[in-house]
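Atom set for the values below is all heavy atoms of this structure, side chains included, hydrogens, waters and symmetry mates excluded.
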Amino acid sequence: MNKITGALIDEATHIRAIAKDVVLSGTYFYPIKGIIYTLNRPKLRQPLLSRSSKTLTLGVGVTTAMFFFTYVPQAAIMSLTSGPLLAPFSAALLVLSESSTITTFLARSFLLADAITDTFDATLVEMGQGVLLEKSGSQNKGGNDDAISRFGGKEEVEERQTNMWNMLVRSVVLLPLNFVPVVGTVVYVYVQGKKVGEGVHERWFGLKGWKKAERKRWVGRWRGKYTGFGMAAFALEMVPFVSIAFAFTNTVGAALWAADWEKSMQ
């Protein structure tokens, strides 16, 4: 408990230090851009659609289990923080949010890792940054003109899975924040979003051949920008039933941002 309290105090101090950077960064618009771009690019929807039945089955199973095992205990706790009238509704929203987080974690780790990487790569190609994949050796020589088929790297999958496990543990530890109406949820989104932001460009860094120390320096330099993106992306992935779809559109948004970085560096 002391460690958790200390961590929350540190995060509160950090929030004050970077809040201005987050607001001014504008990177929280990239997840929205990712949604619009995906809707206008049917090819980018193929990886998600090809796995829709499996992810739907997973989501229904997780949500059903969560309501069966956790709804009543959480409703009892929420009655103390939100009042007996709002507790059933608040608890239902909380369980749905938790289910979305767990479903996204499981799907990313076991069903969608390659598909998400392919989506990132294909977006870079659509944005005229295919040279990144060619230089890194990620080009598929199958001869297909479809960006999704031609490019698909798996180098970052293992690292991403490790980060996802860490995120799941962090979600469980910080979950009690959601029992505090409004403020607790905002803090929860911030803490989770900061970590999400740190990982959105893992694939880009890998394509550029950056080592861990170089990646850390880059993210640290642009902490506000990555936190702004991460908060928006995590908030979208908390939305029940469509969290997996937003995981893909967030990936597209991250690739659009990476492409803009590349253009600014040229």
Side-chain angles (χ1 to χ4, degrees), residues 7-8 10-34 104-105 108-109 113 116-117 119-121 123-124 127 129 132-133 135-136 138 153 155-171 173-174 186-238 246-266:
L8 292 177
D10 291 341
E11 291 296 343
T13 303
H14 191 66
I15 289 174
R16 291 196 299 269
I18 70 169
K20 183 178 179 180
D21 288 341
V22 171
V23 172
L24 296 178
S25 69
T27 53
Y28 38 78
F29 288 119
Y30 274 102
I32 305 301
K33 292 180 181 179
T104 301
F105 161 75
R108 278 181 175 270
S109 299
I116 286 177
T117 299
T119 300
F120 189 97
D121 292 354
T123 304
L124 287 179
M127 293 294 292
Q129 299 299 327
L132 280 172
L133 286 91
K135 290 181 178 179
S136 70
S138 295
E155 297 88 347
E156 308 304 316
V157 170
E158 186 174 336
E159 183 178 354
R160 184 176 295 123
Q161 287 178 340
T162 299
N163 291 335
M164 289 300 296
W165 278 110
N166 292 337
M167 182 176 177
L168 181 64
V169 172
R170 193 164 54 249
S171 297
V173 172
L174 297 174
V186 171
V187 174
Y188 180 72
V189 170
Y190 164 74
V191 175
Q192 291 289 75
K194 189 181 78 168
K195 292 299 182 181
V196 169
E198 292 176 357
V200 297
H201 278 158
E202 285 179 1
R203 176 59 177 164
W204 181 44
F205 297 153
L207 291 173
K208 292 179 73 66
W210 288 3
K211 302 301 181 182
K212 187 174 182 179
E214 193 171 5
R215 301 180 188 197
K216 187 175 181 180
R217 285 195 300 270
W218 176 269
V219 173
R221 178 184 178 185
W222 305 107
R223 173 66 65 186
K225 292 181 181 292
Y226 280 95
T227 299
F229 183 101
M231 290 179 66
F234 183 75
L236 287 173
E237 291 186 25
M238 287 178 65
F246 283 137
F248 274 86
T249 59
N250 286 338
T251 298
V252 173
L256 293 175
W257 184 17
D260 286 344
W261 274 122
E262 285 293 324
K263 291 177 182 177
S264 69
M265 294 174 181
Q266 295 173 356

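- Remark: R223 engages E198 in a salt bridge, criterion side-chain N to carboxylate O under 4.0 Å.
- With rounding to the nearest 0.5 angstrom, the CZ atom of F205 is 7.5 Å from the CZ atom of R215.
- Residue pairs that meet the side-chain hydrogen bond (donor to acceptor under 3.5 Å, both in side chains) test with at least one member in residues 252-261, sequence neighbours left out, are Y30-D260.
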Step by step, would you call Y188 with M238 a side-chain contact (heavy atoms from CB on, under 4.5 Å)? CA-CA 11 Å; Y188 180 72; M238 287 178 65; 4.2 Å; yes
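- L133 CG to L207 CG: the interatomic distance, rounded to the nearest 0.5 Å, is 5.0 Å.
- Applying the side chain to side chain donor-acceptor pair (under 3.5 Å) criterion to Q129, with sequence neighbours excluded, gives no partner residue.
- Nearest heavy-atom pair across V200 and F120 is O-CE1, 4.0 Å.
- Within the 4.5 Å cutoff, no side-chain heavy atoms of T104 are placed close to those of F246.
- In terms of heavy atoms, L236 sits closest to P31 at CD1-CB, 3.7 Å.
- Residues T119 and T123 approach most closely at O-OG1, 2.8 Å, considering heavy atoms.
- Here the side chains of E237 and Q192 are not in contact, with every heavy-atom distance at 4.5 Å or above.
- Between W204 atom CH2 and W210 atom CH2 the span is 5.0 Å, to the nearest 0.5 Å.
- With sequence neighbours excluded, no residue forms a ring pair (Phe, Tyr, Trp, His ring centres under 6.0 Å) with Y28.
- One distance of note links CG of N250 with CZ of F248; it measures 11.5 Å at 0.5 Å rounding.
- Going from atom OH of Y226 over to atom CZ of R221 covers 11.0 Å, rounded to the nearest 0.5 Å.
- Between T227 atom OG1 and W222 atom CH2 the span is 13.5 Å, to the nearest 0.5 Å.
- For A258 against L124, the heavy-atom pair with the smallest separation is CB-CD2, 4.2 Å.
- Taking each heavy atom of G224 and S25 in turn, the nearest pair found is O-OG, 4.0 Å.
- Across T117 and R203, no two heavy atoms sit closer than the pair CG2-NE, 3.6 Å.
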